[in-house]
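The chains referred to below are lettered A, B, ... by the order of the sequence lines, with proteins before strands, and numbering in each begins at 1.
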Amino acid sequence: MSAESSRTDNDKDGELTNLLDLRMPGDTGAVSEVTDTVCATLTELNIPEEKRMEIALAVQEALANAVVHGCKNDRSKQVRCRLERDRRGRIVIIVTDPGCGFRVEDISDPKRPEGLNADHGRGVYLIRQLMDEVHFENGGNQIRMWKY
Amino acid sequence: MDINARKRGQVQLVQLRGQLRMGPAVDELRQTIEESFGNGDTRIVLNLAEVGMIDSSGIGLLVKFLASAKQRGGSVKLVQPSKFAVQTLRLVGVLNLFEVFDDDEKAVASFA
């Protein structure tokens with residue numbers, strides 16, 4: 001994992017402050033380390049614990065999807081995770097993978113009776129429940145999510 | 001994640017400490033429970049009092065073990081899941097699949 005931290009108060013995407021810009025290999029073993037780094041930064045920002053936990057779990061799910069689906073568990077591929085904050089104090093997380101994306105409409109509701117006993121398929125649903133706004137970009141290989 | 005498994009009569013009591021997330025934590029718990037099943041122990045109590053976060057990978061594992069244990073005549077029961085773990089399990093609709101107890105003794109006794 002490599003990390004850099006910089007401030008760009010007039011980001012072209014909407015005056016965002018860049019808090020973290022991390023890159024990790026397509027390895028499931030690396031996911032939690034990045035999540036914990038994001039969580040530590042949220043702690044430094046005095047984000048309340050409940051909100052911090054919700055953001056951390058959403059990040060964990062987004063990174064896991066990027067590694068498993070975007071990188072196909074290939075360590076030679078790379079996932080990028082950015083943590084930003086806008087001028088209204090909203091937290092923005094952007095996770096990008098090198099995969100070919102997916103169709104959001106193909107994701108089924110894990111709370112349907114046939115999905116309750118499944119051992120996978122809850123990640124995107126959790127992200128949508130935990131975050132206030134979620135956008136899938138570039139055909140699905142980038143997720144941008146906000147916590148107000 | 002720290003995993004401490006011990007037998008209480010016919011019940012395998014597993015104490016977890018840390019975050020139940022994709023990677024080593026989920027892999028180690030999978031191995032622990034599969035070893036229990038391999039030994040014929042299908043009555044499992046998981047103490048989650050010190051598990052702050054469970055991700056979808058961990059949830060999938062718990063649900064899979066519950067189904068496997070029930071197929072073998074046992075079950076997986078939860079003790080003291082943290083507030084955030086309860087919230088997460090409820091969000092995805094699986095909390096009601098599990099019996100949840102305040103302490104280990106009640107959970108173990110429920111198998112009698």
Against the six-membered ring of B/Phe111, is B/Lys77 placed for a cation-pi contact (under 6.0 Å from the centre, within 45° of the normal)? yes

Can you establish whether the number of heavy atoms outside B/Arg17 located under 6.0 Å from its atom CZ is more than 12? no

Is B/Gln19 close to chain A through its backbone or its side chain, or both, or neither, when contacts mean heavy atoms under 4.5 Å? neither

Identify which part of A/Val68 has an atom lying under 4.5 Å from any heavy atom of chain B, answering side chain, backbone, both or neither. side chain

What part of A/Leu57 gets within 4.5 angstrom of chain B, counting heavy atoms only: side chain, backbone, both, or neither? both

Assess the residue pair A/Asn141 and A/Asp97 against the criterion (side-chain hydrogen bond (donor to acceptor under 3.5 Å, both in side chains)); give the C-alpha distance rounded to whole Å, side-chain angles, the decisive distance to 0.1 Å, and a yes or no. CA-CA 5 Å; A/Asn141 77 343; A/Asp97 66 58; 4.5 Å; no

Heavy-atom pairs under 4.5 Å with chain A are the metric here; pick the option from B/Ser57, B/Ala67, B/Ser56, B/Gly52 that has the most. B/Ser56

Do you know which of A/Glu54, A/Gln129, A/Met53 has the most heavy-atom pairs under 4.5 Å to chain B? A/Met53

I'd like to know whether B/Ser75 forms a side-chain hydrogen bond (donor to acceptor under 3.5 Å, both in side chains) with B/Arg43, so could you lay out the CA-CA distance, the side-chain angles of the two residues, the decisive distance to 0.1 Å, and finally the verdict. CA-CA 5 Å; B/Ser75 190; B/Arg43 298 174 173 187; over 6 Å; no

Most heavy-atom pairs under 4.5 Å with chain B, out of A/Ala56, A/Gly121, A/Gly29, A/Ser32, belong to A/Ser32

Go through the atoms of B/Leu91 and report whether side chain, backbone, both or neither lie under 4.5 Å from a heavy atom of chain A. both

Establish whether A/Leu63 and B/Leu61 are linked, either directly or via other cluster members, by ILVMFWY side-chain heavy-atom contacts under 4.5 Å. no

Distance-only, no hydrogens or angles: does the B/Lys70 side chain make a donor-acceptor pair with backbone N or O of B/Phe65 under 3.5 Å? no

Please classify the contact between A/Glu49 and chain B as side chain, backbone, both or neither, with a heavy-atom cut-off of under 4.5 Å. neither

When heavy-atom pairs shorter than 4.5 Å are enumerated against chain A, which of B/Lys83, B/Lys64, B/Arg21 gives the highest number? B/Arg21

Salt bridge present between A/Glu133 and A/Lys147 (N-O < 4.0 angstrom): no

A/Ala118 portion near chain B, given a 4.5 angstrom heavy-atom threshold: backbone

Heavy-atom cut-off 4.5 Å, strictly under: side chain, backbone, both or neither for B/Leu62 against chain A? neither

Under a 4.0 Å N-O cut-off, is there an ion pair linking A/Asp27 with A/Arg75? yes

Scored by heavy-atom pairs under 4.5 Å with chain B, the best of A/Asp109, A/Val67, A/Asn117 is A/Asn117

